[in-house]
Amino acid sequence: MEYTQLGRSGLSVSRLCLGTMNFGPETSETDSHAIMDRAHEHGLNFFDTANVYGWQKGEGVTEQIIGRWFAQGGGRRERTVLATKLYGDMGDWPNDKRLSALNIRRAADASLKRLQTDYIDLYQMHHVDRDTPWDEIWEAFSVLRQQGKVIYFGSSNFAGWHLAQAQEAARNRHFLGLVSEQSIYNLMNRYVELEVLPAALHYGLGVIPWSPLHGGLLGGVLRKQREGGGSRGNSGRSADALEKNRDAVEAYEKLAADLGEDAAHLGLAWLLHREGVTAPIIGPRTQDQLDGSLRAVEIKLDGEVLDRLDELFPAPGPNGSKPAPEAYAW
């Protein structure tokens, strides 16, 4: 496994991040524990979760699964860089969500209890809170830092402007601020390249892409359909997106085959070649899926292949090869 620094911080994390959203709803607790053990065997030390995962309001099902895994000991907690999130509804009362100082305090303590640990390595805002002032947010976060409950802070689903607001407010308080931003980012959704990536690079934030295979559409969906296998691309919005991009996806899968690589590994490898990307989030439901994902770290893409991928899935804006504002202005 390769490691890199998380943004401008001194924290070393694996180039792939283990996403745990499937733990509980899709993957049993026993299998989830086995996947996490397997991740450590491979050297993956970066795990991502959220208080809402498990999708039973207020239960924090996935955090509980991870907590019971930590409780088994054997250095499991010590070897893990643990990232979790707050923002979503955890109850029916008005202060059971968002980023008020009250909810930040309650949510952090509840996550620590479920995770059976006394500190969170990376505490992320799952979404921007447009109704809570940054001074309140950073003051509440600074208390968590002083108490030793949280070491680093990050964001998720922020716009570039939100990153600038957050970092300038932190700078005014002489606070480290954010060290990471978790955004949807993949070959089929490159909008973060307009504003978010430039802002993250400017402020020294590591970018953690979620949905790196665009809901499975970059994971060999057409091949799986031909082979009669199940795929998330067979229904709903995924099916619509596939039909809209069928020619590009077909050419993409052919490129992967010509390179002798799995399409999913190619999509992950492309992200690992992008400036500012720390670690794409992989969400394996089985140990075999986890094992296969590791190949992405080994793949080296030359300029010709990268250019071909840009042709198939162009960057946004009329001058998409450039960051904002040059991508859409001069």
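- Side-chain N or O atoms of Y203 include none that pairs as donor or acceptor with a backbone N or O of L178 at under 3.5 Å.
- Ion pairing of D37 with R76 is present here, as a side-chain N (NZ or NE/NH1/NH2) and a carboxylate O approach within less than 4.0 Å.
- Between R308 and E311 there is a salt bridge, since a side-chain N of the basic residue sits under 4.0 Å from a carboxylate O of the acidic one.
- Annotation: side chain of L102 is in contact with side chain of R106 (closest heavy-atom distance under 4.5 Å).
- Contact check for I151 versus L122: no side-chain heavy atoms found under the 4.5 Å cut-off.
- Salt bridge present: D291 and R38 bring a charged side-chain N and a carboxylate O closer than 4.0 Å.
- Applying the salt bridge (Lys or Arg N to Asp or Glu O under 4.0 Å) test to residues at least two apart or on different chains, the pairs with a partner in residues 193-214 are R190-E193, E193-R274.
- The existence of a salt bridge linking K254 and D258 is confirmed by a sub-4.0 Å separation between a basic side-chain nitrogen and an acidic carboxylate oxygen.
- Between R77 and D121, at least one side-chain N (NZ, or NE/NH1/NH2) sits under 4.0 Å from a carboxylate O, which counts as a salt bridge.
- In this pair, Y53 and W55 present their aromatic rings tilted. The plane angle is within the 30 to 60° band.
- Taking the six-membered ring where tryptophan is involved, the planes of Y87 and H127 are tilted, since the angle between them lies from 30° to 60°.
- Side-chain contact between V192 and E181 is absent, with no heavy-atom pair separated by less than 4.5 Å.
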Worked check of side chain to side chain contact (heavy atoms under 4.5 Å, CB included) between T84 and Y123
CA-CA 5 Å; T84 192; Y123 203 30; 3.8 Å; yes
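- Within a 6.0 Å radius of CD in E227, more than 12 heavy atoms belonging to other residues, nucleotides or ligands are found.
- Classification of R98 and D89 as a salt-bridged pair fails, no side-chain N sitting under 4.0 Å from a carboxylate O.
- Using a distance-only test at 3.5 Å, with no hydrogens or angles considered, no donor-acceptor pair links the side chain of R15 to the main chain of L44.
- Checked by atom type, the side-chain pair E298/H265 shows no donor-acceptor distance below 3.5 Å.
- With contacts defined as side-chain heavy-atom distances shorter than 4.5 Å, the pair H126/N157 qualifies.
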